[in-house]
Amino acid sequence: MRTLHFFKQAFLVVFIVGFTHFSFAQGKDLPNVVILATGGTIAGTAEGADQAGYTAGQLGVTTMIESVPGIQELANLKGEQISNVGSQDMSIDIWLTLADRINTLLASNEVDGIVITHGTDTQEETAYFLNLVVKSDKPVVTTGAMRPATAISAEGPLNLYNAVAVAASPKSIGKGVMVVMNDQIHSAHDATKISTTAVQSFMSPVEGQIGGVIYGNIEYYRSPYSIHTTKSEFSVEGVMELPRVDIMYAYADMPADFIAYSIKAGAKGIVIAGVGNGNMNAATLEAVKKATGQGIVVVRSTRLPSGDVLRNAEVNDDEYGTVVSDELNPAKARVLLMLTLLKERNIEEIQEIFFNY
Ligand code: ASP
């Protein structure tokens, strides 16, 4: 994996040299926005006009931009293809490539904002990862679509239009990474996918959306509460891989031996997608205690869609050596834990990080 990432970085260096001067197509007196395409259903196509048998990640970034009427009036646009995958295949390698590219682009005076087109399945993980490692106050927006580009009433073009409007707006500066879907603006910290098929597929169940965008008209209701981007202590500069962190889904009569397997496979951290308030059965708790005794960091999150996981409530975290995820769902808790484990820290520090990020 390390070698693969090295080659990707080497490719990117060559790629970047070709873009030292950004030639934005129209050159009008508009903000300059770069669209980084990664794939997903927004770039998906099918034989018919429904979702049957469609393949994500088929259209290139230029075709996507050209399919949105009026988008060129919002910003000077430039597209780059970072990957073209269904986001079920999103990887840490692509995350590291994206983070490097975004940090390089946003360091330039010629770039005012970034839009990332992305599949919806893991969009919240990518957005949250970038929220922690992008080093700029300029707007960074992810978007996608539930309907392939060839489907009846495909919503991708309007989502892309709105995402560009948000990325181009001075109102969006300092808001961290945002997810723009179906006229809503979510903070990367809060957004989660809630439907397998509906166009209304994202929500922020604990804190609520931070704004709305209707045909490019933006209204913010609040700023995100958690630490992000320029205030974040996390950086992936020079990082080639992240420590392995596994997620374990809790359920009635859950076997405890997954924990030992995970550690044997090389996990440095484990997130429990717990029942209720981050809970698990007695056998798993004992296995967790053994794991934390060996220096493995175990974070208690929840399989429920909403609510904080509370420290030392029903589970005594002090006794088991565990950390609570606070509001983070298991997938995002894993992202934060992987970054946290890049440096040696004690459990109290890690807990503080989970309360603040
Ligand atoms: N599997 C697709 C993806 O995440 C689904 C989508 O984009 O809506 O790429």
Side-chain angles (χ1 to χ4, degrees), residues 8 35-65 67-68 79-99 101-102 114-131 140-164 166-167 177-186 188 190-205 209 213 247 273 305 329-332 334-335:
K8 283 194 177 163
I35 301 180
L36 302 178
T38 69
T41 296
I42 191 167
T45 57
E47 291 284 310
D50 58 16
Q51 281 200 327
Y54 84 94
T55 313
Q58 296 299 297
L59 300 184
V61 61
T62 314
T63 316
M64 274 198 292
I65 296 170
S67 71
V68 187
E80 293 181 18
Q81 197 76 43
I82 297 290
S83 62
N84 214 352
V85 296
S87 74
Q88 59 276 15
D89 288 319
M90 187 44 61
S91 65
I92 290 171
D93 266 355
I94 302 176
W95 283 353
L96 294 173
T97 302
L98 258 180
R101 189 62 185 137
I102 291 169
I114 302 277
V115 169
I116 300 144
T117 58
H118 197 292
T120 58
D121 291 351
T122 61
Q123 188 168 152
E124 66 204 68
E125 291 168 60
T126 301
Y128 184 58
F129 172 76
L130 295 173
N131 201 41
V140 177
V141 178
T142 70
T143 193
M146 294 298 287
R147 295 177 179 153
T150 48
I152 304 169
S153 293
E155 88 284 25
L158 182 54
N159 284 345
L160 186 54
Y161 184 90
N162 281 335
V164 168
V166 171
V177 178
M178 291 166 278
V179 175
V180 169
M181 291 285 292
N182 204 32
D183 300 349
Q184 299 183 334
I185 309 174
H186 300 271
D190 309 330
T192 191
K193 186 173 179 183
I194 48 140
S195 170
T196 53
T197 53
V199 168
Q200 178 45 37
S201 56
F202 279 80
M203 72 181 286
S204 294
Q209 69 199 70
V213 48
I247 300 176
N329 68 23
K332 289 189 200 177
R334 171 177 173 264
V335 169

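All heavy atoms count here, side chains included; hydrogens, waters and symmetry mates do not. In each ligand, atom 1 is the first atom listed, and ligand 1 is the first ligand listed.
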- Message: Checking Asp121 now: which residues fulfil salt bridge (Lys or Arg N to Asp or Glu O under 4.0 Å) with it, not counting sequence neighbours?
- Response: Lys193
- Note on the structure: For ligand 1, protein residues within the heavy-atom limit of under 4.0 Å are Gly40, Thr41, Tyr54, Gly86, Ser87, Gln88, Gly119, Thr120, Asp121, Ala145
- Between Thr122 and Ser87, the two heavy atoms sitting closest are OG1-O, 2.7 Å
Output a table of donor-acceptor pairs, distance under 3.5 Å, between side-chain atoms of residues 177-186 and any protein atom two or more places apart or on a different chain; print 'none' if there are none.
unit_1	atom_1	unit_2	atom_2	d
Asn182	ND2	Gln200	OE1	2.8
Asp183	OD1	Asn162	ND2	3.4
Gln184	OE1	His186	NE2	3.0
Gln184	OE1	Gln200	NE2	3.2
Gln184	NE2	Gln209	OE1	3.1
His186	ND1	Ser204	OG	2.7

Considering only distance and modelled atom types, tabulate donor-acceptor pairs under 3.5 Å from the side chains of residues 54-62, sequence neighbours left out.
unit_1	atom_1	unit_2	atom_2	d
Tyr54	OH	Thr41	OG1	2.6
Gln58	NE2	Ala56	O	3.4

- Query: Are Glu125 and Lys332 close enough for a salt bridge, meaning some N to O gap below 4.0 Å?
  - Reply: no
- Query: How long is the gap from OG1 on Thr117 to CD1 on Ile82, to the nearest 0.5 Å?
  - Reply: 10.0 Å
